[in-house]
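None of the values given here were measured: they were computed from a predicted structure.
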Amino acid sequence: MSYVRANVAGLVALLEAARAADPQPAIVWASSSSVYGLNSHVPFSEHDRTDRPASLYAATKKAGEEIAHVYNHIYGLSLTALRFFTVYGPWGRPDMAYFFFTRDILAGRPITVYESSGGGAHQTTISRDFTYIDDIVKGCVGALDTAGRSTGSGGKKRGPAPFRTYNLGNTSPVPVTQLVDLLEKMLKVKAVRRIVKMPRNGDVPYTHANISLAQRELGYRPSTDLQTGLKKFVRWYLEYYNPELAVKQKQHGSSNGKASRGRNGSTSSAR
């Protein structure tokens, strides 16, 4: 019910306020890559089917896109839906895998890594197009800067208004197992992995964004790879939730750096 309250009722409340305003604002709102559901065409394009959701969350986001279309059609609201692909980074959502993986790895608790049937005897590790928060913010700003005006006034439409949909992803899917590998190295703690098959009420096994439309119309160009982004997240997480460990890791890294310097001041690479 929390998905329905936030993604359906919450969006309708916002749109009701916007359509009654005078002047009406242009709206940029967060949809999700989850709307692609069981779509098997990769990378995911804005032109692909989005009528086969694989989870209730995805269904509520798809419902949001359809509701937004209604308000655009009837009331002339300028609406831009941004389909986010697995956003991560400092101050992120605690219910995202990278976040609670970090928490549970540090606590020594097992983490669950899902795999999906790849057909026959093969299994496929879940992969995600992880997108760093700074890149997402640039896409949001690009959408705001290029949003056309609403055409309604006081709830009455006076002409057609922009209705846009864009993918905001990183275009580089990474297996979740590789995400865990990186976290182990950065946290300096071995994860206790529990590999299980993804349940039917879970999410899709693979996401991969086609961002050509956002590149062309919003100037969107993500530049942060997963390793770089995770380093920033882990640094923030330790400083916020475990400052003592953060200090120890900094001291350890500093001593290692000094120890690796040769007589000529050069440093050796660590693998």
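No continuous path of hydrophobic side-chain contacts links Leu182 to Val192 [ILVMFWY only; heavy atoms under 4.5 Å]. Val176 and Val42 are members of different hydrophobic clusters when ILVMFWY side chains are connected at heavy-atom separations under 4.5 Å. Under a hydrophobic-cluster definition in which Ile, Leu, Val, Met, Phe, Trp and Tyr are linked whenever side-chain heavy atoms come within less than 4.5 Å, directly or via other members, Leu238 and Trp91 are assigned to the same cluster. In the hydrophobic clustering of this structure, Met96 groups with Val137; members are Ile, Leu, Val, Met, Phe, Trp, Tyr whose side-chain heavy atoms approach within less than 4.5 Å, directly or through other members. Connection of Leu230 to Val87 is established within a shared hydrophobic cluster, with ILVMFWY side chains joined at heavy-atom distances below 4.5 Å, either directly or through further cluster members.
Scored by the ring-ring contact (aromatic ring centres under 6.0 Å, His included) test, Tyr75 finds Tyr71 as partners (sequence neighbours excluded). Take Gln215 and apply the side chain to side chain donor-acceptor pair (under 3.5 Å) test, not counting sequence neighbours, and it matches no residue. Listed by chain and residue number, Lys250 satisfy the salt bridge (charged side-chain N to carboxylate O under 4.0 Å, His left out) test with Glu239 (two or more places apart in sequence, or in another chain). Partners of Arg128 according to the side chain to side chain donor-acceptor pair (under 3.5 Å) rule, which considers only residues two or more places apart in sequence or in another chain, do not exist here. Applying the ring-ring contact (aromatic ring centres under 6.0 Å, His included) rule to His69 yields the partners Phe163; only residues at least two apart in sequence or on another chain are considered. Residues satisfying the ring-ring contact (aromatic ring centres under 6.0 Å, His included) test with Tyr132, not counting sequence neighbours, are Tyr88. With sequence neighbours excluded, the residues satisfying side chain to side chain contact (heavy atoms under 4.5 Å, CB included) with Leu11 are Leu14, Leu15, Trp29. Residues meeting the side chain to side chain donor-acceptor pair (under 3.5 Å) test with Ser212, sequence neighbours left out: Asn210. Tyr57 meets the ring-ring contact (aromatic ring centres under 6.0 Å, His included) test with Tyr3; sequence neighbours excluded. Remark: Val28 pairs with Thr80, Leu82, Ala143, Leu144 by the side chain to side chain contact (heavy atoms under 4.5 Å, CB included) rule, at least two apart or across chains. By the side chain to side chain donor-acceptor pair (under 3.5 Å) test, Thr60 is found to be paired with Asn7, residues two or more places apart in sequence or in another chain being considered. In this structure, the side chain to side chain contact (heavy atoms under 4.5 Å, CB included) partners of Thr50, at least two apart in sequence or on a different chain, are Val35, Tyr36, Lys62, Arg83.
Residues Cys140 and Phe84 come closest through the heavy atom pair SG-CZ, 3.9 Å. Closest of all the heavy-atom pairs between Ala191 and Ile111 is CB-CD1, 4.1 Å. Ser150 and Pro25 make their closest contact through OG-O, 2.7 Å (heavy atoms, listed as atom of the first residue, atom of the second, distance). For the residue pair Pro162 and Gly148, the shortest heavy atom distance occurs at CG-CA, 3.7 Å. Annotation for Ala161 and Ser78: closest pair CB-N, 4.1 Å, computed over non-hydrogen atoms. The minimum heavy-atom distance linking Pro53 with Ala58 is given by the pair CB-CB, 3.9 Å.
Without hydrogens or angle criteria, Thr151 side chain to Lys157 main chain gives no donor-acceptor distance under 3.5 Å. In this structure a side-chain-to-backbone donor-acceptor pair under 3.5 Å is present from Gln24 to Gly152. Counting only distance, with no hydrogens or angles, the side chain of Thr228 and the backbone of Thr224 share no donor-acceptor pair below 3.5 Å. Listed for the Lys232 side chain is no donor-acceptor partner under 3.5 Å among the backbone atoms of Gly89. For the pair Asn170 (side chain) and Asp129 (backbone), a donor-acceptor distance under 3.5 Å is absent.
When the shell of 6.0 Å around OH of Tyr241 is examined, it contains more than 12 heavy atoms from other residues, nucleotides or ligands. A 6.0 Å sphere centred on CZ of Arg103 holds more than 12 heavy atoms belonging to other residues, nucleotides or ligands.
Taking CG of Leu183 as the start and CZ of Phe101 as the end, the distance is 8.5 Å to the nearest 0.5 Å. Rounded to the nearest 0.5 Å, atoms CG (Asp135) and OG (Ser223) are 4.5 Å apart. Between the OG1 atom in Thr207 and the CG atom in Asn39 there is a gap of 11.5 Å [rounded to 0.5 Å]. Note that CD of Gln178 and CD of Gln227 are 9.0 Å apart. Values are rounded to the nearest 0.5 Å. Interatomic distance, Leu179 CG to Leu226 CG, rounded to the nearest 0.5 Å: 6.0 Å. Here Leu213 contributes atom CG and Thr165 contributes atom OG1; the two are 9.0 Å apart, rounded to the nearest 0.5 Å.
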Open item on the list: Applying side-chain contact (heavy atoms from CB on, under 4.5 Å) to Trp236 and Val234, what does each step give before you reach the verdict?
Closed with: CA-CA 5 Å; Trp236 167 83; Val234 167; over 6 Å; no
TODO: Carefully, step by step, assess Val113 and Ile126 under the rule side-chain contact (heavy atoms from CB on, under 4.5 Å).
DONE: CA-CA 8 Å; Val113 179; Ile126 304 300; over 6 Å; no
Task: Derivation of the side-chain contact (heavy atoms from CB on, under 4.5 Å) call for Thr86 and Thr131 - done: CA-CA 6 Å; Thr86 316; Thr131 314; 5.7 Å; no
- [ ] Evaluate the criterion salt bridge (charged side-chain N to carboxylate O under 4.0 Å, His left out) for residue pair Glu184 and Arg193; output intermediate values, then yes/no.
- [x] CA-CA 11 Å; Glu184 287 179 328; Arg193 308 188 193 201; 3.1 Å; yes
TODO: Test side-chain contact (heavy atoms from CB on, under 4.5 Å) on Leu106 and Leu245 and set out the steps.
DONE: CA-CA 10 Å; Leu106 287 172; Leu245 181 58; 3.8 Å; yes
Open item on the list: Working note: Ser45 + Asp48, criterion side chain to side chain donor-acceptor pair (under 3.5 Å); need CA distance, chi angles, decisive distance, verdict.
Closed with: CA-CA 5 Å; Ser45 165; Asp48 291 337; 4.8 Å; no
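Ser33 has its side chain out of reach of Asn167: every pair of non-hydrogen atoms, C-beta onward, lies at least 4.5 Å apart. Within the 4.5 Å cutoff, the side chain of Ser127 has heavy atoms near those of the Tyr206 side chain. At least one side-chain heavy atom of Pro90 sits under 4.5 Å from a side-chain heavy atom of Ile133.
A salt bridge between Glu66 and Lys61 is absent, with no side-chain N of the basic residue lying under 4.0 Å from a carboxylate O of the acidic one. In this structure, Arg194 does not pair ionically with Asp104, as no charged nitrogen and carboxylate oxygen lie closer than 4.0 Å.
Taking the six-membered ring for Trp and thresholds of 30 and 60 degrees, Phe233 and Tyr237 have ring planes inclined between 30 and 60 degrees apart. Ring geometry for Phe85 versus Phe44: interplanar angle of 30 to 60°, hence tilted.
Between the side chains of Ser31 and Glu65, at least one donor N or O sits under 3.5 Å from an acceptor N or O. Side chains of Asp22 and Ser153: a donor on one and an acceptor on the other come within 3.5 Å.
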